[in-house]
Amino acid sequence: MSTLSDLVHAQGCLNDDDVEWLHRLAGDGQLLADLASADIVIWVATEDGSFIAVAHTRPSGAATLFYRDIVGERVRPQWRTQVQGAFDSGEIVDSSSPDWFEETPTRVRAVPIVRTRRKDGEAPPVIGVVTRHTNLGEARTPSRQQITFDECANDLFRMISSGEFPDLAAPTSPRRGAPRASDGLIRIDVDGISTFASPNALSAFNRMGFDDELEGESLAEVTTRILPATRQVDESLPVVVTGRAPWRTDIEARGVTVSLRAIPLKDHGTRIGAIILCRDVSELRHQEQELITKDATIREIHHRVKNNLQTVASLLRIQARRTHSDEARDALTQAMRRVDAIAVVHDTLAQGLTQKVDFDEVFHRVLKLVAEVAAAPNTRARTQSTGHFGVLPSEYATPLALALTEVVTNAVEHGLAGKEGTVTIDAARTDDNLHVSVRDSGHGLPEGRVGQGLGTQIIRTLIQGELGGSIEWRGDEGEGTEVSIDIPLRWLNR
């Protein structure tokens with residue numbers, strides 16, 4: 001399905017600032033739909049003079065009119081005049097009589113979307129239209145909460161038409177558990193006095209220790225009373241509970257955490273009050289803390305494993321220096337290099353928050369391990385790397401790092417033994433496959449055959465067994481060697 005940006009840019013009528021504004025408005029589509037108990041659709045003009053739907057939100061507490069998504073559809077004839085009127089005039093246009101949609105009576109309101117606050121005597125810069133489709137088939141005597149929600153929705157629609165909502169100063173990426181209208185809503189006046197509190201909002205404050213009614217109380221004073229005197233509070237809390245800024249914060253008391261979001265209400269630039277959304281997020285914050293602790297523990301484990309591996313590598317290095325057998329020294333040196341390669345992966349994992357690694361960084365460090373081999377007598381090897389490996393899961397980064405260490409080491413030790421040459425490593429990644437090519441300008445394969453040593457066996461086991469990939473050696477004696485590795489990424493991501 002096309003995104004809002006794709007649909008808007010396809011029309012070619014709006015700039016990037018307009019698109020950002022529509023994104024912000026669409027992000028609050030659920031709030032508008034829940035307050036209005038109606039479907040909310042955002043329309044933008046097309047080059048041929050029509051309108052296309054770029055966003056659609058259904059109400060969570062009422063029946064939807066549109067059982068199929070209408071995003072990408074052109075405006076229907078019964079709404080065209082109303083939408084066009086709002087777009088041309090810059091004024092809110094209500095349907096004069098019930099509109100019938102698939103045998104269901106509805107009421108439609110078309111609201112012009114204005115990006116900058118209109119100035120007296122100037123035509124408003126309309127960038128689109130938002131329509132509110134109310135199902136009249138389920139009409140019943142409204143409760144006080146429904147009346148208040150509807151009033152809040154009307155205030156926001158009026159602010160949309162005057163360029164005062166959404167507010168670009170508001171946070172763009174709310175934390176997990178951002179409050180919704182159904183979670184709890186408090187309406188306060190310009191002095192910060194609560195004029196309405198939904199049952200869910202009152203329950204949230206009751207759980208934090210407030211035992212009275214919220215209506216008629218200063219929300220700032222209520223919050224001050226329930227917060228422990230010793231607890232450090234977020235500096236944004238005062239502006240949130242007074243409704244002076246479109247911000248979010250958390251308050252915690254008696255082991256209960258409530259997330260608050262303030263939406264200032266304005267009338268032609270004059271603040272008239274605010275909507276305060278609240279939600280009990282105690283369990284969510286507890287889960288987040290557990291994840292943070294888990295991540296810290298995992299990083300510490302990787303750090304300790306890295307340290308232990310480096311200790312093992314150091315012991316192998318010491319043992320290699322003290323042995324008098326060339327064969328034993330080579331075996332210990334190779335073992336030391338393999339341990340170091342694994343340690344590099346764990347060191348990278350210890351620095352991040354996820355169990356995925358940027359393998360380009362890992363491989364850059366692995367190449368440095370080969371420098372010791374390249375420093376062998378009469379051997380002058382240069383390594384160069386092209387392409388990108390990208391991000392890989394940790395369980396595949398270790399075998400790939402170890403396998404490539406073996407391949408590059410073999411290219412230097414055997415392919416370029418006693419001569420000067422180059423080893424080129426090229427990585428090419430698609431959605432389905434990772435292809436790695438290692439080429440050297442060395443002696444080539446004796447008699448065109450691949451060796452059967454421990455290094456080759458390790459490479460085959462890692463690539464074919466652990467990574468489910470394939471590996472192929474090509475080259476003739478005196479013409480260098482190329483090793484091609486293919487790893488299916490779909491298999492990796494299963």
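Side chains included, hydrogens not; waters and symmetry mates left out as well; all remaining heavy atoms used. Computed from a predicted structure; not experimentally measured.
Around CZ of Arg271, the count of heavy atoms belonging to other residues, nucleotides or ligands within 6.0 Å exceeds 12. Under a cut-off of 6.0 angstrom, the local environment of CZ in Arg158 is crowded, with over 12 non-hydrogen atoms contributed by other residues, nucleotides or ligands. The environment of Glu213 atom CD is sparse: at most 12 non-hydrogen atoms of other residues, nucleotides or ligands sit within 6.0 angstrom.
A salt bridge does not link Arg115 to Glu20: none of the charged nitrogens lies less than 4.0 Å from a carboxylate oxygen. A salt bridge does not link Arg285 to Asp280: none of the charged nitrogens lies less than 4.0 Å from a carboxylate oxygen. Remark: Asp250 does not engage Arg261 in a salt bridge, criterion side-chain N to carboxylate O under 4.0 Å. A salt bridge links Arg132 with Asp150: at least one charged nitrogen is closer than 4.0 Å to a carboxylate oxygen.
Separation of atoms CD (Glu164) and CG (Asp267) is listed at 7.5 Å; rounding is to 0.5 Å. Distance check, rounded to the nearest 0.5 Å: CG of Leu260 to CZ of Arg279 gives 13.0 Å. Leu65 contributes atom CG, which lies 8.0 Å from atom NE2 of His56 (distance to the nearest 0.5 angstrom).
Taking the six-membered ring where the residue is Trp, the centroids of Phe87 and Phe51 are separated by under 6.0 Å.
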Candidate pair Asp426 and Thr386, rule side chain to side chain donor-acceptor pair (under 3.5 Å), full reasoning: CA-CA 5 Å; Asp426 178 67; Thr386 60; 2.6 Å; yes
Test side chain to side chain contact (heavy atoms under 4.5 Å, CB included) applied to Thr223 and Ile251, step by step: CA-CA 8 Å; Thr223 305; Ile251 57 176; 4.2 Å; yes
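Applying the side-chain contact (heavy atoms from CB on, under 4.5 Å) test between Ile127 and each of Leu22, Val114, Leu25, Val44 identifies Leu22 as the sole match. Screening Ile263, Leu31, Asp34, Ile275 for a side-chain contact (heavy atoms from CB on, under 4.5 Å) involving Leu185 leaves a single residue, Ile275.
For Ser95 (side chain) and Val108 (main-chain N/O), a donor-acceptor pair under 3.5 Å exists by modelled atom type.
In this structure, a donor-acceptor pair under 3.5 Å is absent between the side chains of Asp48 and Ser50.
Remark: Asp94 engages Arg109 in a salt bridge (Lys or Arg N to Asp or Glu O under 4.0 Å) (not counting sequence neighbours). A search for salt bridge (Lys or Arg N to Asp or Glu O under 4.0 Å) contacts involving Arg144 returns Glu215, not counting sequence neighbours. Annotation: ring-ring contact (aromatic ring centres under 6.0 Å, His included) contacts of Phe359 (sequence neighbours excluded): Phe389.
Residues Ile425 and Gln384 fail the side-chain proximity criterion, which asks for heavy atoms closer than 4.5 Å.
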